[in-house]
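Here is how names work: the chains are called A, B, and so on, in the same order as the sequence lines, proteins then strands, and each is numbered from 1. Values below: every heavy atom of this structure, side chains too, minus hydrogens, waters and symmetry copies.
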Amino acid sequence: MEEKNINEKESLELISQMIQSTKEYIEVGKGNHFLYWGYYTTALAVIVYLVYEITGWKNSGYLWLLMFVFWIFMTIFNRRKHHAVMTYTNKVVNHVWYVIGSMFIVTFAVILVLGLIYNHYTSLNLMMPLSAIYVGIGVSITGIIVQNRWVANLPFVGIGIGLYMLTALYLNIPPTISWNLLFGLSFIIMMAIPGHILNKKEKTEC
Amino acid sequence: MLRELDPLLHSQLRLAVISILMSVDEADFVFLRKKTDSTAGNLSVQLDKLTAAEYISAERIIDGKKTRTICRMTDKGRKAFENYVDALKEYLNVNK
């Protein structure tokens with residue numbers, strides 16, 4: 001393309017062509033975020049389960065704190081990465097995940113503070129179902145924004161698993177170690193699979 | 001009487017850049033060069049003209065060892081683009 005004058009009809013065609021070429025642009029790497037988080041969470045769920053089964057360590061659930069280490073790592077990793085383009089879609093998706101991330105922090109802080117006040121830490125069991133529900137909502141909204149029905153609907157499996165755990169806790173049914181595997185499975189279905197779907201979509205469109 | 005088309009926008013490369021920036025929040029120099037299939041020198045000159053007219057803002061940031069230029073539309077640029085499209089419609093009798 002050069003710096004040359006064009007007629008009115010060519011102008012409209014050019015505007016239409018340029019807007020069309022960027023309209024469907026999804027930031028490359030959006031699917032990868034889902035893959036990193038999905039597989040890391042699943043791997044950690046399996047590790048927590050195996051550590052308990054092999055060593056019998058009753059507090060193996062503390063290993064879930066490694067999620068925060070991964071969070072810090074991903075935050076630094078993302079800050080170093082600059083994007084060639086930021087569409088309005090990407091911006092909205094980023095805002096959605098900012099809200100979801102903030103909800104995690106607030107939830108964990110409230111549960112921890114109440115645990116410290118009452119010296120009763122079983123409420124930390126709530127983190128697992130609430131995480132599944134929060135992440136499920138985040139992925140589903142992302143799917144709606146990028147207009148992919150699989151990404152929008154698959155998270156309902158994870159949300160369902162989260163609600164099952166939440167109801168069980170409300171009914172005083174004690175959580176079992178196998179919940180970790182169920183939680184890991186929910187992240188494969190509601191994060192890893194949507195991640196692969198988004199990556200495939202990006203490759204097709206870019 | 002037909003309105004005069006904004007000479008700053010009535011040019012192939014500048015109009016392409018503005019059209020892209022109207023449909024995204026921000027874009028860097030490399031992305032704009034690829035999308036418009038232009039040379040770095042030519043694009044740089046046209047971006048300078050658009051920046052001087054305050055139609056776009058260009059921010060230079062350090063990314064590792066490289067310098068990147070991030071471009072965004074300004075309110076003045078948006079208004080100018082809207083007026084340009086309205087004028088084009090008049091020329092082409094789109095609304096009639």
Side-chain angles (χ1 to χ4, degrees), chain A residues 1-30 33 73-99 141-142 145-147 198 201-206, chain B residues 2-3 5-39 41-47 49-50 59 61-64 66-72 81-82 84-85 87-94:
Chain A
M1 203 173 282
E2 296 164 8
E3 202 273 315
K4 64 172 185 182
N5 286 330
I6 45 181
N7 65 37
E8 292 75 25
K9 194 167 178 285
E10 285 171 333
S11 290
L12 268 189
E13 283 170 1
L14 179 65
I15 292 168
S16 168
Q17 185 194 336
M18 287 297 123
I19 290 175
Q20 194 62 35
S21 74
T22 52
K23 202 175 79 176
E24 298 295 326
Y25 192 89
I26 301 173
E27 180 191 326
V28 175
K30 191 58 76 187
H33 284 290
F73 170 78
M74 287 299 285
T75 305
I76 295 167
F77 177 74
N78 286 331
R79 273 193 188 155
R80 283 184 183 174
K81 220 165 95 179
H82 294 285
H83 306 289
V85 64
M86 177 67 79
T87 64
Y88 295 108
T89 303
N90 298 146
K91 204 175 179 181
V92 172
V93 169
N94 286 348
H95 286 322
V96 166
W97 285 100
Y98 172 77
V99 172
I141 293 174
T142 305
I145 293 167
V146 302
Q147 295 177 0
L198 283 181
K201 193 180 173 201
E202 283 166 14
K203 277 177 191 166
T204 315
E205 287 174 359
C206 292
Chain B
L2 292 173
R3 275 191 276 177
L5 289 169
D6 187 339
L8 205 61
L9 295 181
H10 200 54
S11 146
Q12 192 185 32
L13 185 49
R14 288 195 295 269
L15 183 60
V17 169
I18 290 288
S19 302
I20 292 169
L21 291 178
M22 280 297 286
S23 55
V24 300
D25 192 47
E26 61 182 42
D28 77 358
F29 185 87
V30 178
F31 180 83
L32 290 173
R33 189 168 55 79
K34 282 180 185 169
K35 283 284 175 190
T36 57
D37 194 24
S38 57
T39 62
N42 194 7
L43 179 62
S44 185
V45 170
Q46 303 316 320
L47 288 182
K49 286 183 184 176
L50 291 170
E59 182 191 0
I61 59 164
I62 308 289
D63 182 9
K66 294 178 186 172
T67 305
R68 293 173 70 239
T69 305
I70 310 288
C71 300
R72 295 181 191 91
F81 182 78
E82 284 163 12
Y84 179 79
V85 172
L88 271 185
K89 285 178 182 171
E90 284 177 19
Y91 273 86
L92 297 168
N93 289 323
V94 174

Practice prompt. Output the option from B/V45, B/I70, B/L15, B/I20 having the highest count of non-hydrogen pairs under 4.5 Å with chain A.
Written response: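 Looking at each of B/V45, B/I70, B/L15, B/I20 in turn, B/L15 comes out on top.
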Discussion item. Do B/T69 and B/L32 make a side-chain contact, defined as non-hydrogen atoms from C-beta onward lying under 4.5 Å apart?
Written reply: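 SC-SC contact between B/T69 and B/L32 ruled out.
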Practice prompt. Supply the atom-to-atom distance B/K49 NZ to B/S11 OG, rounded to the nearest 0.5 angstrom.
Written response: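 Output value for this atom pair is 7.5 Å.
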Worksheet item: In Å and rounded to the nearest 0.5 Å, what is the CD to CE distance from B/E82 to B/M22?
Response: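 The distance works out to 5.5 Å.
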Name the region of [X], side chain, backbone, both or neither, that has any atom closer than 4.5 Å to a heavy atom of chain A.
X: B/I18; result: neither
X: B/Y84; result: side chain
X: B/V85; result: side chain
X: B/R68; result: side chain
X: B/L9; result: neither

Discussion item. Check this for me, if you would: do A/K91 and B/E26 make a salt bridge, where the nitrogen-to-carboxylate-oxygen distance has to be below 4.0 angstrom?
Written reply: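 A salt bridge is absent here (no side-chain N lies under 4.0 Å from a carboxylate O).
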Discussion item. Would the distance check show the side chain of A/S16 and the main-chain N or O of A/L12 forming a donor-acceptor pair, the cut-off being under 3.5 Å?
Written reply: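 No: the side chain of A/S16 does not pair with the backbone of A/L12.
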